Structures are given as C-alpha cells and as structure tokens.
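Since the structure is predicted, the reported quantities are computational estimates derived from the model, not experimental observations. Every heavy atom of this structure was used, including side-chain atoms; hydrogens, water molecules and symmetry mates were not.
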Amino acid sequence: PTEEERLAHRRAHLIKAIQSIEDLNASTDDPEVLAAFKDAKTKWDELAREAPGEAEKLEAEYSKATKAFESERKAFQDKLDEVAREKEALEQDKKARLDLIARFKELSDETPPEGMDELRTAWEGLGPIPEGHDVDLQRRFDNAVKKQEGRHADWKARREARTDFEALVT
C-alpha cells in the first residue's frame, strides 16, 4: 500500500474509534461499557502516534466525543449518588419513626398523656411521611399512641378504684 492508502486506512480507524465512543451508553454501570471507552481511547492514542497528522485533523471530533461521554457519565453518576442519598434519607427517616413507635410501646402504664408529648412532638418534627415510605408507619404510630393512652387510662382507673377502696376500708 502507498503512504496515502496507509494514511486513509489509519484515518478510517481513527474515525471508527471516535464513532465507537459516540455509540457508547454512558448512562450505565456496566463495566464493559467503561472498558470499551478505555479501549477506544487507547486505540485512539495508538493510532494517533502512527498518524499524528490525521489524528490532529480529527482531534476536535475525538475531544467532543470523549467530553460528551464523560459529561453524560458524570451526570449519570451524580443521579445515582442522588438516588443513594435519597434512599439513605428514607432509611434514616424510617428508622427514626420505628424508634419512636418502639419508645411509645416501652412507656409504663403510669406515663400520663403529658409524658407522651415529647414523643408526639418528635414524630411531628419528622414531618409528613415521605413518598415511597411504608404508609403503615403512621397507622402503627397512631395505634401505639392509642394503646398507651388506653393502658394509662386503665392504670388510672385501677389506681382510683384502689384509692376509693382504701378510703372505704380505713
């Protein structure tokens, strides 16, 4: 092959390297895609050393393709990070709510409604139950509150009955 044919052949391979980068889906965690991107860049570097003049003519296209891939990849990774942060926040919120439900269940029968105010305030401080949460959490909390209020009312009635009984006996 003549020098011109070799250059044309290398140019075609340089263009193919650019196209392979443009064809990649940067919005994935697929390790094969990242490997293909690295391979295409390595191939470009090898071809650019063999035909620097041709590579220089195509540098703008190559740079545009790599920057677009990296930008799309960064946007995808940022979205994954955001989703992970949101998931963690939901988990923390759920943990806090379950903790408050458990604390209500652990209250003694003697705890008056005023003693429950701190837990109610903490629950309200969490705000509305976030979308994507188990909506059963509010029902569970409400049930824990009602049970505690009922236990307290029963305790109070027993105490008053005992006091009345003791007053009759003495």
Side-chain angles (χ1 to χ4, degrees), residues 1-107 116-148:
T2 66
E3 182 63 26
E4 190 174 300
E5 290 172 333
R6 278 187 282 139
L7 286 176
H9 180 72
R10 288 184 178 131
R11 179 179 175 77
H13 283 290
L14 286 165
I15 290 171
K16 186 177 177 183
I18 294 170
Q19 289 172 339
S20 67
I21 291 172
E22 291 172 340
D23 292 343
L24 291 174
N25 176 10
S27 296
T28 180
D29 260 349
D30 186 350
E32 291 180 17
V33 171
L34 296 176
F37 177 67
K38 290 177 184 176
D39 290 346
K41 287 177 68 174
T42 300
K43 184 70 172 170
W44 170 270
D45 292 340
E46 291 169 4
L47 293 168
R49 280 191 296 277
E50 294 173 10
E54 294 302 312
E56 190 176 315
K57 293 175 190 173
L58 296 170
E59 179 64 36
E61 291 177 53
Y62 170 74
S63 180
K64 180 181 172 188
T66 57
K67 286 179 183 174
F69 178 88
E70 290 166 345
S71 175
E72 185 180 335
R73 178 80 184 135
K74 183 179 179 339
F76 174 73
Q77 199 61 49
D78 289 348
K79 184 64 177 170
L80 283 181
D81 293 345
E82 178 184 338
V83 168
R85 284 189 302 275
E86 288 172 359
K87 183 178 178 181
E88 178 62 26
L90 276 176
E91 288 301 316
Q92 292 298 321
D93 182 81
K94 183 176 182 178
K95 183 181 180 303
R97 290 176 191 280
L98 290 172
D99 179 59
L100 288 171
I101 291 168
R103 287 175 57 196
F104 248 102
K105 290 178 178 180
E106 293 170 356
L107 292 175
M116 297 179 234
D117 288 347
E118 177 187 338
L119 297 176
R120 283 190 184 102
T121 301
W123 182 271
E124 291 168 6
L126 292 173
I129 294 179
E131 191 173 316
H133 242 331
D134 181 2
V135 292
D136 191 44
L137 288 173
Q138 184 66 50
R139 184 187 57 75
R140 289 169 65 187
F141 179 77
D142 293 342
N143 286 343
V145 170
K146 285 178 188 172
K147 284 181 181 178
Q148 175 58 26

Atom [atom1] of [X] and atom [atom2] of [Y]: how far apart are they, to the nearest 0.5 Å?
X	Y	atom1	atom2	result
E59	E61	CD	CD	10.5 Å
L47	I15	CG	CD1	11.0 Å
I101	N143	CD1	CG	9.0 Å
E32	L24	CD	CG	11.5 Å
I21	K64	CD1	NZ	13.5 Å
F141	I129	CZ	CD1	10.0 Å

Please tabulate, for the side chains in residues 75-82, all donor-acceptor contacts under 3.5 angstrom to protein atoms that are two or more places apart in sequence or on a different chain.
residue, atom, partner, partner atom, Å
Q77, OE1, R73, NH2, 3.4
D78, OD1, K74, NZ, 3.4
D78, OD2, K74, NZ, 3.0

Apply side chain to side chain donor-acceptor pair (under 3.5 Å) to the pair W123 and E118, showing each step before the final yes or no. CA-CA 9 Å; W123 182 271; E118 177 187 338; over 6 Å; no
Take L126 and L100 through the side-chain contact (heavy atoms from CB on, under 4.5 Å) test and state the conclusion after the steps. CA-CA 11 Å; L126 292 173; L100 288 171; 3.9 Å; yes
Between Q138 and D142, is the side chain to side chain donor-acceptor pair (under 3.5 Å) condition met? List the steps. CA-CA 6 Å; Q138 184 66 50; D142 293 342; 2.9 Å; yes
Can you check whether [X] reaches [Y] side chain to side chain, under 4.5 Å on heavy atoms?
X	Y	value
E72	S27	yes
L98	K94	yes
L119	L107	yes
K105	K147	no
V33	F69	yes

For residues 35-46, tabulate all N or O donor-acceptor pairs below 3.5 Å that involve a side-chain atom, not counting sequence neighbours.
residue, atom, partner, partner atom, Å
T42, OG1, K38, O, 2.9

Under a 3.5 Å distance rule, please check whether [X] uses its side chain to pair with a backbone N or O of [Y] as donor and acceptor.
X	Y	answer
T28	N25	no
E5	T2	yes
S20	A17	yes

What heavy-atom pair brings R97 and P128 nearest, and what distance separates the two atoms? NH2-O, 3.3 Å
Can you give me the closest heavy-atom contact between L14 and A55, atom names plus distance? CD1-N, 3.6 Å
Flag yes if more than 12 heavy atoms outside Q92 fall under 6.0 Å of its CD atom; otherwise flag no. yes
State plainly whether the residues K57 and E54 are in salt-bridge range, i.e. N to O under 4.0 Å. yes
State whether E3 and R6 are salt-bridged, where the test is any N-O pair (Lys NZ or Arg NE/NH1/NH2 against Asp/Glu carboxylate O) under 4.0 Å. yes
